[in-house]
Each structure stands twice: as C-alpha cells, then as structure tokens.
Amino acid sequence: SGVVSALSASLSNPELIPQDGMVAVGGLVYGDTIAEIFTGLVPVTVDNLTNIIIPALEGLLTDRLVPTDGVDLAGALLGGVALLSDQQAKDQHILLIGSGEARDGIAIVEACKEVMNAGVMASALLYREDPTHQTALQGCVDATGGYYEEVLEDLESACARALKYMLVVE
C-alpha cells in the first residue's frame with residue numbers, strides 16, 4: 001500500500017525524523033472501529049524502526065479494518081488525543097492519512113475541539129479529490145496550525161512535507 005511505504009520511508013529518513021529516540025510515534029488504524037498498530041508511543045530509533053514500527057506498518061498490508069458502518073474519522077482524532085494524553089512532550093501531533101471520508105461531520109467538529117483543547121496539532125493528507133467531510137477536517141487542521149494537503153500522486157513526498165512542517169522547532 002502507498003500509505004505503508006510512504007510512512008515507512010519518511011520515518012526511516014534521518015533527515016526528517018531524528019533516530020535518536022527524541023521523537024516517538026504511535027499508530028492508529030481506523031475504519032468503523034479504531035485499533036492501535038503498536039502499543040503506546042514508540043521512540044524512533046534504528047532498532048525500533050527495524051523491529052517494531054516498520055513491521056507493524058507492514059502488517060497493515062494483510063490485516064486491515066474494513067469499514068462496515070462508515071468511517072469513524074472523529075474516533076481516530078479522539079484516539080490520537082488519548083494516545084498523547086499521558087505524554088509530557090512539548091510538541092504533540094496527529095497526522096491523519098486517509099480518504100477524508102467520515103460517517104459524521106458534526107462529530108469531526110466536536111473531536112477537533114478536543115484536539116484543540118489538548119494543545120495537539122492535527123495535520124492531514126487526503127488522497128481523494130472530493131472527500132465527504134473535507135471542509136470540517138480542513139477547518140480542524142487550520143484551527144490547530146497543522147499541515148493539510150490533498151494528495152493526488154506522490155504520497156511519499158507529501159508525507160515528507162507534512163512531517164517536515166510538523167517537526168519544525170521554533
């Protein structure tokens with residue numbers, strides 16, 4: 001899948017993500033339910049990339065959530081906030097990569113309020129030209145100062161641009 005290869009390449013690029021453990025990542029996959037790809041946040045190191053992060057991402061190629069009752073985009077945002085809630089990190093980010101489809105636009109707006117209240121930056125890479133709730137999701141990204149892009153071709157480069165934007169230290 002393009003998402004798996006784009007994330008794997010971006011996370012493995014030491015020019016984008018320091019591989020000294022100073023950055024940690026968590027992963028959620030969403031359909032009509034939400035599941036963690038690996039438990040909690042994992043520091044990005046060469047060892048963790050090789051033994052935990054990349055294999056977990058590659059596992060998504062054969063083990064997927066199939067949305068039978070719509071896509072719970074709001075749940076994914078709230079799941080990201082929950083994953084970050086116990087962390088003391090100065091900068092906390094959610095990067096949503098998906099179609100932008102959701103079963104409930106109002107729930108996206110409410111979830112965005114939780115993201116903002118938690119002080120988390122939400123960013124989104126959407127790979128469909130006309131996602132169902134694009135306006136609500138883009139509004140959430142704008143309100144939290146995140147990165148937004150509609151990706152029509154090169155997801156790996158878009159992922160790199162998003163991570164570079166998100167990880168700028170001011």
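Note that this is a predicted model, so its numbers are computed, not measured.
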Can you measure from [atom1] ([X]) to [atom2] ([Y]) and round to the nearest 0.5 angstrom?
{"X": "L137", "Y": "L77", "atom1": "CG", "atom2": "CG", "result": "6.5 Å"}
{"X": "S10", "Y": "I17", "atom1": "OG", "atom2": "CD1", "result": "7.5 Å"}
{"X": "E58", "Y": "S5", "atom1": "CD", "atom2": "OG", "result": "10.0 Å"}
{"X": "L84", "Y": "D91", "atom1": "CG", "atom2": "CG", "result": "11.0 Å"}

Worksheet entry | Non-neighbouring partners of Y165 that pass ring-ring contact (aromatic ring centres under 6.0 Å, His included), sequence neighbours left out |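 Counting only residues at least two positions away or on another chain, Y165 forms a ring-ring contact (aromatic ring centres under 6.0 Å, His included) with Y147.
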List in chain and number order the residues that pass side-chain contact (heavy atoms from CB on, under 4.5 Å) with [X], two or more places apart in sequence or in another chain; answer none if no residue qualifies.
{"X": "V42", "value": "F38, N48, I52, I53"}
{"X": "P18", "value": "D20, V23"}
{"X": "N13", "value": "E15, L16"}

Practice prompt. Give the intermediate values and the outcome of side chain to side chain contact (heavy atoms under 4.5 Å, CB included) for residues L28 and I37.
Written response: CA-CA 5 Å; L28 299 172; I37 298 172; 5.8 Å; no
Worksheet item: Do you know which of V25, L155, L163, I97 makes side chain to side chain contact (heavy atoms under 4.5 Å, CB included) with L7?
Response: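 Only one of V25, L155, L163, I97 forms a side chain to side chain contact (heavy atoms under 4.5 Å, CB included) with L7, namely I97.
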Worksheet item: Of V3, L11, L125, which meets side chain to side chain contact (heavy atoms under 4.5 Å, CB included) against C159?
Response: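 Of all the options given, the one that passes is L125.
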Item to complete: Dump the intermediate steps for side chain to side chain contact (heavy atoms under 4.5 Å, CB included) on D104 and L73, then the final yes or no.
Response: CA-CA 8 Å; D104 187 347; L73 182 56; over 6 Å; no
Worksheet item: Are I94 and M121 side-chain neighbours, meaning at least one heavy-atom pair lies under 4.5 Å?
Response: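 The answer is no; the side chains never approach within 4.5 Å.
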Discussion item. Quick check: do M166 and L95 have side-chain heavy atoms less than 4.5 Å from each other?
Written reply: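 In short, these two side chains touch, coming nearer than 4.5 Å.
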Discussion item. For I54 and S12: C-alpha separation, side-chain torsions, deciding distance, then whether side chain to side chain contact (heavy atoms under 4.5 Å, CB included) applies.
Written reply: CA-CA 9 Å; I54 303 297; S12 298; 3.7 Å; yes
Check whether [X] and [Y] end up in the same hydrophobic cluster, where Ile, Leu, Val, Met, Phe, Trp and Tyr are linked by side-chain heavy atoms less than 4.5 Å apart.
{"X": "V4", "Y": "V151", "answer": "yes"}
{"X": "L41", "Y": "L78", "answer": "no"}
{"X": "L167", "Y": "L49", "answer": "yes"}
{"X": "I108", "Y": "I34", "answer": "yes"}

Worksheet entry | side chain to side chain contact (heavy atoms under 4.5 Å, CB included) evaluation trace for T144 with M116 | CA-CA 6 Å; T144 63; M116 289 174 26; 3.4 Å; yes
Worksheet entry | Sequence neighbours excluded, every pair satisfying salt bridge (charged side-chain N to carboxylate O under 4.0 Å, His left out) that has a member inside residues 153-163 |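 The answer is E149-R161.
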Discussion item. Using the salt bridge (Lys or Arg N to Asp or Glu O under 4.0 Å) criterion, which residues pair with E36? Sequence neighbours excluded.
Written reply: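 E36 satisfies salt bridge (Lys or Arg N to Asp or Glu O under 4.0 Å) with no residue once adjacent residues are dropped.
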Worksheet item: For the residue pair L83 and G40, what are the closest heavy atoms and their distance?
Response: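 That would be CD1-CA, 3.8 Å.
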